[in-house]
Each structure stands twice: as structure tokens, then as C-alpha cells.
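A note on names: the letters A, B, ... follow the listed sequences, proteins ahead of strands, and every chain is numbered from 1.
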Amino acid sequence: MKLTFSIFLSFIFLSCNPSNKTPLVVYSPHGKDMLQEFAKRFEKTHPDVDVQWLDMGSQDAYDRIRTEKENPQADVWWGAPSTMFIRAAKESLLAAYKPTWADDVAPENKSAHDFWYGTFATPEVIAFNSRLLSAAQAPKDWDDLLDPRWKGKIILRYPLASGTLRIIFSSIIARSVKAYGTGKEGFEWLQRLDANTEAYTPDPTQMYLRLAREEAEVTLWDMPDIVFQAEINHYPFGYNFPKSGTVSLTDGIAIVRGCKHEKLAEEFYEFVTSKESLILQARKFYRIPARGDIPRDSLPSWITSTHFTSMPIDWSLISQHESEWMEKWDAEVKGKGNR
Amino acid sequence: MNSEKRLAPASVVLLFLVIFFAAGYILFPLVRLLKQSVQPAGVIFSFHAYMDVLRSTFVEAAFNSVAISLLSVLGSALIGSFLAYVFHSFDFPLKTISSKLVLVPLALPPLVGVISFMFLIGESGILTRGIATLLSIAPSHFALEGWWGIVAVHVYSFNVYFYVFVSSALSQLSESHGSAIDASLSLGASRASTIRRIVLPMLTPSFIGASLVTFMASMASFSAPFLFGGTTRYLTLEIYTAKLNGNDANAAAFAVLLSIVSVSFLLLLRWYQGRKSYVLVSKGSGRRSTVPHSPVVRLFAVAAAMVLVILLSLPVIIIVVLSFVKEGSWTYQILPHSFTVQNFVKLFGDPRVFKPIANSVEMALTATVIVVFIGVCASFLVVRKKFIGKRFLELMMNVPFGIPGTVIAVGLILSFNHPSFFSAQSILIGTFWILPLAYAVRNLPILFRSTSSGLEGLDPGVEEAAWILGSSGWQTLRRITFPLLLSSLVSGALLVFINSLGEFVSSILLYSYDTKPISVEILSQLRLYNVGGAAAYCTLLMILVMVAVGISSKISRVTLAE
Amino acid sequence: MAELSLRSISKSFGQLQAIAPLDLEIHSGDFFSLLGPSGCGKTTLLRIIAGLEQPSGGSLFLNQEDITKLLPQKRNIGLVFQNYALFPHMTVFQNVAYGLEVLRQSKNEIRKKVESVLEKVRLNGKRDVRVPNLSGGEQQRVALARALVVEPRVLLFDEPLSNLDHALRLETRGVIKQLQKEAGITSIYVTHDQGEALAISDRIAVMDRGIILQTGTPEELYFSPANRFVASFVGRANFFTAEICKGGFAINFVGEEELLVVLPEEIYIERKVKGETKSTLGSDLVSTNACGRIIDVQFSGAIVEYLIEFLDQKIRATRSSGTHKAELCAGAEVMISLPHNISRKVSRE
């Protein structure tokens, strides 16, 4: 009894954290290592600030910001696909801010009303297990994936929970809308992909593991992560850019509307998107800058040697219909490709 | 008893505190959620979300959820009760350590459990590849996914409830009712029919209790269907999917419907239990008695139990092994080959490594203290006192178990994102308190149930005897009631602590920078594709759980001996 | 030394009246029994005296002090429970010492008192044994010691011997009686066993359905029952609708409202000899001139009991075993005789 009570008392002391630094809360999917590095660098220049980063998936970040709308906890939302930012802006979750480098970003990579700006470009690729397949054997274009040869050999992230897959799937449907005026052909295409798909994994780690452990041979994912896995963790991964053109996703940054430290948030925003920071992010953390004004010789070779064609994409159509399409996919296509 | 007639002032104060907790942290958030389901943005009142949900995937998802939960109950009942019976009836080598190993699934957080299952019985798992190599067939024939995958994970995690409930009932049974077993045997009944007609009916209350807990936990389970369900629809997944798509009203409607299904099951079982309760009145002293078995039966039973124990501990072993495997090296091989301590070195190289552990311990302990206080008061009031609304209070104490963690977390955010009467006009979101509160709400039913059944099993005469000897209400509580309840209280509190320690689904929505728990840290490691690091963290977590188990059994022993 | 008086004590549970308003005086130092079948309200009455139940009406006086509203803790009354209600997490010593510890007596004194009372109940060898490891009889004695050690003003027993075997019951009964007399504590003993009540009590109250039917010494209850229930429950008596008069046995003589009460040991039976209608009776016996048939014979040591079908009813007769004859077996026709001086009558109801 006494023991319990004294333990209880000791918490109350423990939980009072006597810190007089100003906390700056950042929601970000960029991972512990990168966040720790930039938090440390920012705190060096702002000794009275405590950068509190919460490392979570972009979908989780969006979810939290939406749920906390009445009383926002976060200041900066660093990292999410542009479509998610477009949706968040529409739901009045973001505050407008025009960064000093606003003009160096292409119009499709920023919000017309300054709610968000693109930071990184992430081209999607067809990735494969390089122990089982050579680049020549692996699928080289989107339509190759539908070949019966890949039946049961494709593993994908569960698309509803993955910004990357949502964009890829939506682009397929948008492509069909553009060509035929309806999404019907796009859904049929996805149904044939579903027929070839071995499994949808709930998180990226399982996708990597199952690909590496040869439960499947092919996946769709973003290029920087595949490079990272191959170079850092020595997983046997290779990739092909789809010949007909790939989806390139823009990853952005935004300030949370109604946040508690708007001034600081803006300073942090500028700090992590400065030229030096972008170069460091490219070299150390495998991020491709979205801005066109970064000197090419300061970037690593895996970026400069990359050449790919982009698929022309109607982003506003996608952000408008993405939810509805994904709901339809979930209800009518998922698992129905008679595997 | 005179105390049943009028509530003493002290009881009134306790009742007020319990009602405050139930109303503020269980009922109020649920009402907020209900409100969200019928009041989507800008609309005053609409059943649109319900219509929408019922028209689309609800029926399929509800059917799957209920059917899978029933299968999980069945499977858990078979395995858990079998183990309990074998451990109770037979003596064999390594019994003590094995009986501890059975509890191991509790220590494994679902998030990591899943990874270890993948390495074990996934398409590329050790067992799958091993068997496939032996029989030279394609491994994908065994991979557990979909319905059976979910059921397998549920049975793995939830058979512990049956084991715990049935074990305690069996030991109570043989101590007080050995004579019934002896009588049946001496009347010439066969062993099988003695078990069927005497032992099983007497265990009915504990079966019902464990079934209820298992069913509710299965209905509310998220990780297993999320990670193993493949494309199987499940109610908790539909909530998640609707939420991902930004359709909050549909998500809330799914959550409300799910809660209704769970609560109906709760009420159904309560009703059944009310009709078929066996009052185990013990007068005088008995002696330990069990049904004797032939040596062959004994050999097979013990062997089967040992195989089960090994199977149950395999996932933990895999995690420990993984924490020593070099990152990225274990891919196409059946067994890992290159080992390293690098994962731990890297882990301890991080100056903040102990922060999530300290956070989790602190928050889980706080939650346990809250739960013990509220749960003990509530079960005392419900079991011993009479007051209006008692049944409803009892229901409130049970309900959180049937509600997914995500739903509880969202309810808490909606309720405490602004000053509220129940938070003394302060904002709880973003503070330390919101996490222990969520853990407390989620785990209250466990402690409430264990303490209630402990109290029900307590002979009221023992307390009366103390009063008559001149012992005041408080002295009686402290020196008689509390020590006698201690074992059920400690085991309940231990479960609460362990569950809170590894809690993930509501933590991920509620944590802040200073309150990051272990489970979220493990996820961060996984997000960086650092499987070895996650396994290393997980190993630390399991060591922590073992320490907690050790301390708790010490507490029971010391207090009993003093 | 204390005397207890109950004044119009009653108790209802909802609609059910468990105890009708009743008065009872228990004298100082008495060993008083509440005797009745199960469910008659005797345990409820005991719990009211202990303070574990509040009476619905009436008041309770202990030595002229009104204790009706007093908490059980303040009454200084001891209670030995039917299932003993020992503290299972404590040793024998701790169980017995508990009542003294809550009175904040000194450690030394506690030890002295506990050891002395354990000596009396012959448990001093078991002082450090945890109570679940004791036999039933030992547990019973711990319960007794625990109640005695605090020197209560009144000691209550709730069927304390019902869980013991016969021999142990007789032995423990003796121990209880002896300790009670030594300490001179006013005691109230609840039981459904008339033999036990008759053997142990100074006075007895017979209860049925919440009413006290008769209060008196064992002899009074046995030989002068106030009504049919007491006669049957205490004396296991036979009832006749006839009266014994000079020279004969008159059927239906007794008034329509009354029955003649005959105790089993008062009935004399003998084997009917063919053709013989007159028996060889002593002068104090009167033949009923009617035959009965023995249905069952039960031998229980000192006494043999015969169950006899007689004039459309079953009657019970006993003899000391020494006078039992083999010819008195089941199926035998017997002549029934009664003492001529029986005048014990009860109302039919």
C-alpha cells in the first residue's frame, strides 16, 4: 500500500518536466534519423527552442491534425504527398505561408494560395528482387504488370493507407478518364492487377521483408526508398522506370492552421527547406529536391544520373476524386480479381 | 447485512468518484462519438452515415467479425482450457517454468508479434519453409492469411484468458468441491462423464467470463485483421478505412454499430449466466481432489501440452533471435546465419533510448494505479452494495473492452481537446495524462472483472467475523478483505500493467514528444525498416514484462506471509 | 456476566416476514439455545443480536443498555460461525490474536492471552499453522478460541458443530459447555438438532416460521410441550385422538380441539399371542385393546426404535436395547399399551 502510494507520488514529480524552452511540434514521416539531425541543427541556432518531432506516417499525421482541429497540437507538418495537402487545405487545416524560395518551385508543385510548397520529388518505380530477376526480365512498363507471368508474384502496400499507392492507382484511373472520358477502363486495369497481386501489406516494412524474403518478386514503390534499402540495408532490390512515363509525386511542407508558435514554425519551415538543407537531405537521406535551382554538381550521382519521362497528370482531378475512387476500389475491386 | 441497506458516507464518496470516471471518460467520449455519427459537418441530424454504412460493407464486415470472433473464442477455449486442465491435474518435469511460458503471449505487443509470426509461419517463415522443404511442395500452401490467419493470431493471444480463468476456477473447485468429484466417481460414473457432468458445469461461470473477454477482445482487435486479414473485411478495419478516406461520420457510425454488437453479446452472456449460475457455497474445509487418469492419457496430454507451450513461446524466441540477426541478411534462407550485437549497440548509442521505456513504465504504472483505484471501488460497490443504476454502472465498467482502441482514443480527443468539466477545465490532449487515461479506460474491465469475481468468491462471514471482533470497517478492509483479494487484484493489475506497457493503437493517436511510448518507438524503428532495432527494443520490452511478473508474484507472496 | 433482552424484535426481508415481533429474556450466565428447523429465523435472530442485521422493529437491551443501533464492532459479542469464517491468510495464532490487536492491547498481553486460550482448546501445538491446513475439528476450535479470547459479554454460536462427524461433535459439545461454564459467559446457541439442544442448554426457545413457540428448560419442553410442533420437534412425540381413562382407552374421547401427547419411550408394545386379548400388564399400564403392525425396527445402540402402523397413523415407540426381543421384528403384530396417568394434551393446530 505504502509502496504503491510512494510510486504514485514519484510520478507526479517525474511528470512535471521543468523546461522553460519553447516547444515547437513537428509532425513528419521523414524518419527518426533525419528528424533528429535537423532538430539538433535548428536548436543550435535557436537555443531557447525545443523541437519536438513526432515521427509518423503522413496518413497518421493528417489524421491527427484533422482530429485535433479544434485545438491544434502541431506547428509544422513536414512531409505528405501534395494530394493530401490539397485535401487538408480544403478542410481548412493549413495556414498560408509564402516561403522566400516560392518562385523557384514549378506551379504544379505548390499551392496557389500558399498553403503548402513542394520540397521533394519522388518518382514511382517498378521495383523487383534483384536476386530473382534482372532489370531486363522485370516488368518495364505499367501494362507489363498485367501479364499472367506475374500472377502471385506482385506484392503491394495496402493502397488506402499508402499515399504512394493511392497516387499510382488514382493516376491509372485519371489516365483512363482522360483517354475514354470514364474511369471504367482504369478500374478494369486495377482489377487485372489485383488478380496478379499476391498480397497487400499493411506497412512498408512488411513489403520490403516479403520482397526480400522472396515471397514475391515485384512491387510498386518510390525510387528514393528503394535506393536507400539497397544501399544502406543491402537488400537485393532493383528498379525500372515505367517506359511510358511514371508518376512523380511531390512531397511538401505546410504550417498547421491555428498553431501555437506560428513565427517559430515559419523559421523552422525556412530552415529545413534552405538550399544547404536540401543538399544534405539529398546526400544523407536520399531525398530528391523538388526545386529546380539546386546546383546539379552538389547532388549525388544517383539523382543526377536518373532520367525518366513523367506521366502527364491532372492533379486537381485526382485530389477531387481520390477518396471516392479509393472507396470504390476498396469495395468493388480489392480481392475480386478472382485470385 | 446492514451495509446493503444504506450507503455509508464513505461509500457515497467512492460511488461519486466511480460515476465521475465512468461518465467522464467512458460514457462522455462515446456520446461524443455517437454525436459525430449522426451529426456530420454542418448537418443538425441525419442517419445518412448509418444508411450508407449499412448499404455498403457493414453486413459482410459484421458477419466476418462475429464469425471470426466466435471461432477465436472456440479455439482459445479449447487450447486455454486444455492447458489449464493439464497443468492442474498432472505433475511433470519443468511444470513450473512451462506454466509461466503459457503466459508469454501477453508479453508480446501485437505489432512485433506480427513480424515474428511472419518469420515463423508466413509464406517465408521458418516453419513454412522447413515443412515445404521436407515435403518438397510450394510454401504458399501453408501461409496463414485471411480468416484462419486472424483466428490463429487471436487464439495465440487470447487463449491466455481461458488459461487464467479456468486455472483459478479449477483450483477453487478442487479445494472446495473435491467431494463432488469423489462422490461422482464413487457412484460409478466414468472419468469422462465425471468431467462432462460434474467438472464442466462447475466451470461454467469461468468459461462464460473468459468467452466474454475473448469475444470482446476479438471484436475490438485491430492489429490481427489489419496485418493478417489480407482482403478480409473486418469491422475495426472498416472504421480505419472510413477514417483514412476522411469520412468521419461513417467511421463513427461503424464504431457505434460495432459497440452495439459487442454490448449485445455482453448482455446476452450476462443473461445466460444469470439463468445458469452455480452457487459454489463452501461450508467447512475440503481437500484437494482431481479426476484420476490412466498413465497413457496422462502421457499424451502432457506431451500435447508441451508441444503447445513450445509453439506459444516460439514467436518470442524468434524476436530474441531477430534482435541478434544482422540487418538485411536473413532473406531466402530457412534459418538466419549471420549474428551480431550491432542492433543493441546502436540502440544504446542513442542517448534517448531509455526515454520511451521510462515513459511507458511511468504511464503504465499511472494507468494501473487509476485502474486499481476505480476498479476496486466499482467492483466493491457493484458486488456488495445496492443502489439505483447498479446494472448500468456494471455495464459501463465492461463496455470499454468491446470498443477498439482507436475509437476510444478518438472519443477522448473529441472530448478533451477543449476545456471540459471532467478535466477540471483544462485541455488534456497533448499532456501526459491523456495516455494513462486511455490505457486506464481500455483496461478497466480486466481489473473490474478479476476483482469482482474475487469479491464474489470471498465469504462475507470472514469480514463479519472481523467486525464482531471489534475491527473497524477500515481495519477490516486493510487487514482482512484486501489481503484476501490481493491475489486476484495483483493478477488483474499485472494484466493491466502489461497491456498498457505495450499498448499501441490508441497511443499512436495520443502521444506527444515527451510521452512517446515503447510501442510507438518500435514503430519508428520499423518505419526506418530497422527490423533488428525493433526486435532489440522488443526484447527490452519483454524483459520489462518478466520483471513486472516477478515483482507482482513477490508482492502477493510477501503480503500473504507478513 | 450479562443479561440480554429482546423487546418486540421483528425482521422482514421485503414482503417476507422472517421474524414476527417477539420478546425474549436471556439470563446472565445462561446457556440458551434457539432450536428450530432450517429457515425458521433462528440464524437471522442471532445475526440481529450480533448486529450483523438491523431489526425491522423492536429493541435489544444488553444489561439494560439499548444496543439496537450499536455497530457490531462496539457490542463486544462473540460469534462462532457455522463455516467458522476463519481468516484463511493467517496462522492459528494470528487468527486468535486479531481481536486483541484491533483492541490495541500490548504484544505481551496478546501473546499471554492467546497462548492461554489455545491451551484451553488444546491447540497450542498448532499455533503457527495456517488455518487451511487444519482439520475440521481443529478449525472449529480455532473459531471458538478466537471468539473467547476477547472475553465477550455474550457468546453466540451458529450451528458450530454441523460440519463435524458424530464423535467429534459430542466431544466438542463437551468442550464448549465446559469452557462456557468456566468463563460464565452468557451464550446463545443456534441449532436444529434437538438432542444437542437438550443436552447442552440451560434453557431453550423453540422457533418455527419466525415465531418463538415455547421457551423453557429442556425438561419443560420435553415433558410439557406447549403445542403440537414443540412436542413433535423436541420429544418426537406421538399424538392420539383418544384419552386414557380408568380401565380403558377411549377413542375420540379427547375434545375435538385437543390431542393426547405420548412420548415414544412411554409406549409399551408386546407380541400379540393368538387368541389372547388380555395382556400381562403391570398395574400402571392400560391396554389400548388395539393392534399395530411393526413397519421398521431401528437399532441405535442403547435404544431400539420401532415404527408402528396403528389406527391409521404411524407411531414411534422406543425401548432400551436390553429389553428388545427378536420377535419384535418388522411385520410383527403387536399390542400397544400406554401408561394410565398420561394427561399431556396439546391443541390440534
Side-chain angles (χ1 to χ4, degrees), chain B residues 1-6 8 10 171-172 174-176 178-179 279-288 384 386 454 457-490 555-562, chain C residues 13 47-56 69 71-91 94-105 130-140 143 146-147 149-150 152 154-156 158-159 162-164:
Chain B
M1 201 186 315
N2 57 354
S3 49
E4 272 186 2
K5 279 287 164 254
R6 40 161 209 254
S171 57
Q172 214 178 346
S174 71
E175 262 165 35
S176 56
S179 48
V279 183
L280 301 177
V281 182
S282 160
K283 286 193 168 178
S285 63
R287 55 192 190 74
R288 204 176 154 83
R384 287 291 170 81
K386 281 188 182 136
L458 198 70
D459 175 10
V462 173
E463 281 168 279
E464 291 175 352
W467 295 341
I468 285 185
L469 289 169
S471 160
S472 70
W474 170 243
Q475 279 173 322
T476 310
L477 209 60
R478 192 172 62 82
R479 296 206 40 200
I480 307 293
T481 319
F482 186 73
L484 288 175
L485 277 183
L486 197 77
S487 69
S488 53
L489 190 64
V490 167
I555 289 177
S556 328
R557 263 206 309 277
V558 166
T559 319
L560 277 180
E562 101 184 342
Chain C
F13 295 104
R47 290 172 61 84
I48 289 175
I49 296 168
L52 297 172
E53 302 273 2
Q54 273 294 307
S56 307
K69 301 279 177 212
L71 288 172
Q73 287 93 333
K74 307 279 181 208
R75 295 192 179 190
N76 193 13
I77 288 178
L79 172 55
V80 178
F81 288 79
Q82 182 175 12
N83 62 353
Y84 320 140
L86 298 177
F87 307 133
H89 56 303
M90 297 182 180
T91 62
Q94 289 168 329
N95 262 277
V96 178
Y98 185 82
L100 299 172
E101 282 169 12
V102 297
L103 293 175
R104 305 197 182 288
Q105 302 203 347
R130 291 262 303 274
V131 292
N133 300 331
L134 295 175
S135 74
E138 288 167 339
Q139 293 193 5
Q140 214 290 329
R146 187 179 67 176
V149 77
V150 293
V154 177
L155 190 52
L156 311 176
D158 185 3
E159 310 211 13
S162 60
N163 286 321
L164 303 180

**OP:** Using the side chain to side chain contact (heavy atoms under 4.5 Å, CB included) rule, take W467(B) and L52(C) through it: C-alpha gap first, then chi angles, then the decisive distance, then the call.
**Re:** CA-CA 9 Å; W467(B) 295 341; L52(C) 297 172; 3.9 Å; yes

**OP:** Apply the test side chain to side chain contact (heavy atoms under 4.5 Å, CB included) to residues E101(C) and Q475(B): give CA-CA distance (whole Å), side-chain angles for both, the deciding distance (0.1 Å), then the verdict.
**Re:** CA-CA 10 Å; E101(C) 282 169 12; Q475(B) 279 173 322; over 6 Å; no

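In terms of heavy-atom proximity, F81(C) sits nearest to E464(B) at CE2-OE1, 3.6 Å. Scanning both residues, R146(C) and L469(B), for their nearest heavy atoms gives O-CD2, 3.5 Å. Across every non-hydrogen atom of A85(C) and A465(B), the tightest pair is O-CB, 3.8 Å. The minimum heavy-atom distance between H89(C) and P483(B), with the atom names listed, is CD2-CB, 3.5 Å.
Interatomic distance, I480(B) CD1 to M90(C) CE, rounded to the nearest 0.5 Å: 4.0 Å. In this structure, OG1 on T476(B) lies 8.0 Å from CZ on F87(C), to the nearest 0.5 angstrom.
Proximity to chain B is limited to the backbone of L86(C), based on heavy atoms less than 4.5 angstrom apart. At a 4.5 Å heavy-atom cutoff, the contact between I77(C) and chain B is made by backbone atoms alone.
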